[in-house]
Amino acid sequence: MSNLNDLTPPQQQAVEHIEGPLLVLAGPGSGKTRVITRRIASLIENGVRPHQILAITFTNKAANEMASRVEDLIPDRRVWISTFHRFCARLLRSRADLVGLQSNFSILDSTDQQTLMRQILNDLDFDTVQYAPGKIAAIISRAKNKLQSAEEFERARGESIGTHLDAVASQVYRDYQQRLRTSNAVDFDDLLLHVVTILSENPELRSDLDERFRYVLVDEYQDTNLAQYRIVAALSQDHPNLCVTGDPDQSIYGWRGAQIDNILRFESEFPQARVVRLEENFRSTASILRTADCLIANNVQRKSKSLTTSNPDGTPVQLLTFEDGHQEAELIARRIRKAFEDDGRKWSDFAIFYRVNSLSRELEHALNRQAIPYQVVAGLAFYERAEVKDLLAYLRLVNNRDDRAAFLRVVNKPLRGIGKTTQSKLNVWANSQNRSLWEAAVNAKDVPGLSKRAVGLLTRFVNLIESMSMADAGSVADLMRTIIDKIDYTRPWEGSPSEQDLQRLSNVNEFLSAAEQYDEQAADERSLEGFLETVSLATDVDRFDESAGRVALMTLHAAKGLEFPAVYVVGVEEELIPHKRSTRENDPKQIEEERRLLFVGMTRAMEELYLTQTRRRAIHGRMLETIRSPFLGEMDLVDVDCSEFEWAPDHAWISQTAANSDLGDDANSAAPTLDRRKPLLTTGAALLNGESHAAEIPAGFSMGMQVRHPRHGLGTVVELSGFSKRRTLTVEFQQDGRRVTYIASKCPLQPVGSG
DNA sequence: TTCCCGTCGTTTTTT
DNA sequence: ACGACGGGAA
């Protein structure tokens, strides 16, 4: 029996609980993950078989972390730890037949989804401007989250007033599901929805699974939607050993169908449930915790709890006021640089959170000017890049011929004369026959109106895909190389000096190395299907690298679950926090979610927390006076007015190096702004590093990253070690496969692209 | 088939 | 300010 002395009494209670439902209400920083992993270990020590345990999280990142911590505690036990979607995907693959799918179904990403919506809207002769595919998709997604089928949605709509948009969505919903079915494809919502259907329509299967997963744990339970609730409940009927953990105060996905009620109602749902409250915070200083607690106390819809900590008071939470967004970004960057130089802070100690992604740009510019390395969580997703999507579409088509989105993406790429006219004829035939586009292509000679030439071209395409799938022998990377080869995909860009083409080649290479990585990791279980699943369920947040040694920039939503010594929450202004959209309908629920969002952001901070606001801010290009956020009045904050700051180079708290950078270019300029001219970047940072290409230095390097050397050309980072000045990296060059090791701060290597 | 230009709509997005 | 989409010209 393991020692529980390092846990607080409530933590021990949660860890030692074995049979029956358990609700763990865990405040921020209360050691929740620790409790969950220790409890899993404790279950196993008490004789529960590992495969009877199912732990569900929302993000891959959380799942991976939990898995590795469980592995540390009790090595080599196979506990199923997975995200909701991945769990459902697995389950669905094994019983796809029950909902009319084949086990090799494709998972559509949101881009594919919208493209499909657009096509349907066009086919139904709806204006895609007035009825934006994204909006229709959102309505349908909301319906699915409420477990409404197309028919049920239609019926529910008939009973209420319903907008025009709803009426269109209802029509589209039907066709959309129809096309998904003929494509042998599902969207993210369907993964959950189909599993709910399977569980409710097949009682024996349900009870088998209930029996098999005798101990179910769900993390971040406050973010579950109706479908997820149903799945969890279905697995916990005969063996209600259901443990859910979460914090109603951190529910920030209501707009996506999450039902905060699921956690609020848990006790009435399971009257025999034991409730454990983890209210002691081990993360933040007392000042930070007190301030956040004051804010959240203004919410009505919550389980009140008292957050405590024995951490020192620390510095008070400050409210920094700036003249505008430009000054805000610039001064935050300088403050971070100063803390790095004077207080021994690491870059990775800092995080900057904002409500909307558009605020990141100004911050990025400022960090660049200060030569501060940073990473933006989100931005253009790797898997959204055109080259990656193209190759992915070929892989998907090889895996599932009926995949409509994949077919359309590659049928004429590279150009092979199968244009719009041919495609639309295939489409008409496929829709009328309820067959897939692939089947239409295979039966091209039966499709009315196709020219002899078109039939020939389609046959060639069909043969091409068939020949690709012959090459599918396990290794995904090998298959991908075959595909690239067969279509001469990279030919047009090879040897081209243009930046864009280099970028394209590097995207292809990065994707290839992702496939190689998968091959290696999945070892003998590797399969095309497995790779595609991994890819389509991957997200940007998963790519956040805590060890990258950079300042982190992300939205407040993405910040959940993370912690940083020093945090800036920018743009705490009316219309931003709370966001305009949430105040419009005057719905207190929506305002409360905004308050929770700010609460989540604030409680990420361990030692220092700064909220910032501006007097004027440019929104969509227009400079507007800001209005004070009502949330600011709910907290005790130390006011610091930074708006008088002048850009004089000798200002007291500008660091020497940063000041130099101003002298370089801007000392004489009349306008009190630092512009984005290239020379400034080079000059300022050059002084910092005594080199002429300083703009290249700030960007950190990461494993697998594509870099370019002025003489050796393109290469891949294959090894990293050491920190800051002693950071070294090894690069394998493409042209000759040679490996060279460099000191990160003194090499002429330039990262290719933004990933 | 492709490319260029004008119009429009701009939250958050675990999967 | 900026990007995405759709229509029209080449």
Side-chain angles (χ1 to χ4, degrees), chain A residues 56-63 82-89 107-111 113-115 118 121-122 127-130 132-135 137-138 141-142 144-145 186-193 218-225 227-228 246 250-258 325 353-359 361-362 377-378 380-381 383 412-413 415-423 533-542 544 554-562 571 575-584 590 593-594 596-598 600-601 618-623:
Chain A
I56 304 179
T57 64
F58 277 83
T59 65
N60 292 309
K61 194 167 151 45
S82 151
T83 64
F84 262 111
H85 288 82
R86 196 174 293 273
F87 171 72
C88 290
I107 302 171
L108 257 57
D109 65 29
S110 37
T111 318
Q113 200 181 76
Q114 285 197 26
T115 310
R118 165 164 275 114
L121 286 161
N122 281 329
D127 172 20
T128 53
V129 174
Q130 197 181 347
K135 285 187 178 165
S141 174
R142 225 172 300 140
K144 286 184 172 183
N145 286 157
V186 299
D187 62 22
F188 290 136
D189 298 320
D190 283 344
L191 284 172
L192 306 173
L193 214 55
V218 184
D219 194 17
E220 307 280 14
Y221 193 66
Q222 76 281 354
D223 289 328
T224 49
N225 64 24
Q228 288 158 336
Q250 294 185 59
S251 160
I252 55 176
Y253 286 101
W255 53 274
R256 268 193 87 160
F353 304 147
Y354 33 80
R355 178 65 231 266
V356 295
N357 276 314
S358 59
L359 291 186
R361 183 172 299 143
E362 192 82 67
V377 177
L380 181 65
Y383 293 110
N412 200 27
K413 187 174 295 180
L415 298 177
R416 44 176 77 91
I418 306 175
K420 240 189 214 140
T421 330
T422 308
Q423 287 178 32
E533 186 176 298
T534 304
V535 167
S536 47
L537 298 182
T539 67
D540 288 346
V541 185
D542 301 329
F544 171 63
M554 66 190 84
T555 63
L556 286 162
H557 283 90
K560 194 167 74 169
L562 304 173
E575 304 219 321
L576 232 36
I577 314 177
H579 194 271
K580 205 166 157 189
R581 283 277 259 263
S582 63
T583 51
R584 208 149 52 189
Q590 289 191 38
E593 182 152 315
E594 295 288 310
R596 290 195 293 268
L597 192 52
L598 181 55
V600 166
I619 303 284
H620 308 316
R622 287 206 94 80
M623 191 56 97

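By convention in this document, chain letters (A, B, ...) are assigned in the order of the sequence lines, proteins followed by strands, and residues within each chain are numbered from 1.
At least one side-chain nitrogen or oxygen of A:R118 sits closer than 4.0 Å to the OP1 or OP2 atom of C:dG6. Distances shorter than 4.0 Å separate none of the side-chain N or O atoms of A:T128 from OP1 or OP2 on C:dC5.
Rounding to whole angstrom units, CG of residue A:L359 and P of C:dC2 are separated by 14 Å. A:D127 places its CG atom 11 Å from the C1' atom of C:dC5, with the value rounded to the nearest Å. The distance from atom CG of A:N60 to atom P of B:dT13 is 16 Å, rounded to the nearest whole Å. One atom, CD of A:Q228, and another, C1' of B:dT13, lie 13 Å apart when rounded to the nearest Å.
Residues forming a salt bridge (charged side-chain N to carboxylate O under 4.0 Å, His left out) with A:E594 (at least two apart in sequence, or on another chain): A:R355. Judged as a salt bridge (charged side-chain N to carboxylate O under 4.0 Å, His left out), and not counting sequence neighbours, A:K135 has no contacts.
Residues A:R256 and A:I252 each lie close to DNA chain B; by heavy-atom proximity, the contact nearer the 5' end of the strand is made by A:I252. If A:T59 and A:E593 are placed on DNA chain B by their nearest nucleotide, the residue sitting closer to the 5' end is A:E593.
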Its contact letters, B for base, S for sugar-phosphate only and - for none at protein heavy atoms under 4.0 Å, make nucleotides 1-11 of chain B read SS-------BB
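Of all heavy-atom pairs spanning A:G257 and A:N225, the tightest one is O-CB, 3.1 Å. Of all non-hydrogen atoms in A:Q114 and A:P133, the two that sit nearest each other are O-CB, 3.7 Å.
Contacts of A:T57 with the nucleic acid, taken as non-hydrogen atoms under 4.0 Å apart, are absent. Contacts of A:D187 with the nucleic acid, taken as non-hydrogen atoms under 4.0 Å apart, are absent. Nucleic acid contact for A:F84: none, since no nucleic acid atom lies under 4.0 Å from a heavy atom of the residue.
The CZ atom of A:F188 sits 10.5 Å away from atom OG of A:S141, with the distance rounded to the nearest 0.5 Å.
Using a 30° and 60° split on the angle between ring planes, A:H557 and A:Y253 fall in the tilted class, from 30° to 60°.
Closest approach to the A:R361 side chain among B:dT12, B:dT14, C:dC2 is made by C:dC2 (side chain taken as heavy atoms from C-beta onward).
In this structure, A:T115 contributes its side chain and A:T111 its backbone to a donor-acceptor pair below 3.5 Å.
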